[in-house]
Number of protein chains: 2
Amino acid sequence: MTELVRLLTRAQKLLRAAADDAMSRHGVRVGQNLVLEVLWESDGLTPGELAARLHITTPTVVNTATRMESAGLLVRRKDPADGRLVRLHLTPKARAAQRPIEEARRRLAEHATATLTDEERRHLRSALEKIIKQMSDEDNPLDPAVPKGTSSPE
Amino acid sequence: MTELVRLLTRAQKLLRAAADDAMSRHGVRVGQNLVLEVLWESDGLTPGELAARLHITTPTVVNTATRMESAGLLVRRKDPADGRLVRLHLTPKARAAQRPIEEARRRLAEHATATLTDEERRHLRSALEKIIKQMSDEDNPLDPAVPKGTSSPE
DNA sequence: GCCGGATCGTTAGCATGCAAACGATTCGTA
DNA sequence: TACGAATCGTTTGCATGCTAACGATCCGGC
């Protein structure tokens, strides 16, 4: 029960650590590689659009983009039509890293699931999708026992 | 393939967010609840012991413990026999939170896996265990294309 | 009995997430 | 046309992870 959550957390953590290790060999951290993955397909997105696709918040994208800009992976350009928007464009350096990074990611995923049969992978995918659907559908108020602001401010 | 990793990451993130939300209702953040979980069973552990059980690093435990100390959840005591050691002891406040927090955690896990059959849960558990074993057994050098530190004995 | 290596916890600096507050720009409406 | 509301990106501050460097303490040989 709770055990399943623990296993899921542990597996994800091991995968993330391995991914960060692999990505670091290519001069990119694990979070940045997710930004790259989207921009490789859709260059020139805004921070807000990127955040929506990655299921993270806009400030997180902004901060990551700033680090990537320092690393020479992307540049910011103001949208000529709408002064509020900023568009993120990849540099040649970022594009050159696409092939090896995608290869590293593929190899990692293959290694992680190497001991699973095709049927086990299908079951795993199905179960994860059910959990994701359940958790994102309605964020119903679990544990209404203690209202949010009432807990011991001291 | 890579898709499985993505699903696993997404599911874990949703679970963690829901857990943090639920725990916050009890004045505890998601990382702190893991420390509590261990100390409820084994009070007086050292930061190093705690880190080993939680599969995190000692500095992370130290920082979390400092925040929990500020929140009045635990106290540090020097080990009388070994001056290098620090032992973390829970306060009555932390002990009082055990029941409701465990209940909240149980409810969350139940909700997350509500749409899974018992068989699906067994399959999920089995697959996750295989991934964990594969990732933690030998951290073999994935992606040897770009060596990390210029050279390595092989 | 002393001293150098081993073993601790801590600190510092970074990456990745979040929420909240702020500032600039655009848009709809009066 | 001008002004208030909506929509952006950014900044700030925090929590949780990590590695590397540091300092204090202990232990085994000499």
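Side-chain atoms are counted along with the backbone in the values below, which use heavy atoms only and exclude waters and symmetry mates. Chain letters run A, B, ... following the sequence lines, proteins first and then strands; every chain starts at 1.
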In whole angstrom, what separates [X]'s [atom1] from [N]'s [atom2]?
X	N	atom1	atom2	answer
A/Lys78	D/dC8	NZ	C1'	11 Å
A/Asp21	C/dC14	CG	C1'	16 Å
A/Arg29	D/dC18	CZ	P	12 Å
B/Arg77	C/dG9	CZ	C1'	18 Å
A/Asn63	C/dG17	CG	C1'	10 Å
B/Leu34	D/dT16	CG	P	9 Å
A/Asp79	D/dG9	CG	P	10 Å

- Message: Check for me, please, whether B/Val5 and A/Val30 land in the same ILVMFWY cluster - side-chain distances under 4.5 Å, paths through other members count.
- Response: no

- Between A/Thr60 and C/dC18, is there a side-chain N or O to OP1/OP2 distance below 4.0 Å? yes

- Item | Proximity to DNA chain C (any heavy atom under 4.0 Å), residues of residues 42-55 of chain A only | A/His55

- In residues 82-96 of chain A, which residues come under 4.0 Å of DNA chain C by heavy atom? A/Asp82, A/Gly83, A/Arg84

- Message: Given 3.5 Å as the limit, does a donor-acceptor pair link the side chain of A/Thr46 with the main chain of A/Glu49, or not?
- Response: yes

- Give the nucleotide from the list C/dG17, D/dA20, D/dT11 with an atom nearest to the side chain of B/Lys13. C/dG17

- Given D/dT11, C/dC18, C/dG9, the nucleotide with the shortest approach to the side chain of A/Val62: D/dT11

- Task: Quick one: label B/Arg67 by what it contacts on the DNA or RNA (base, sugar-phosphate, nothing), any heavy atom closer than 4.0 Å.
- Result: base

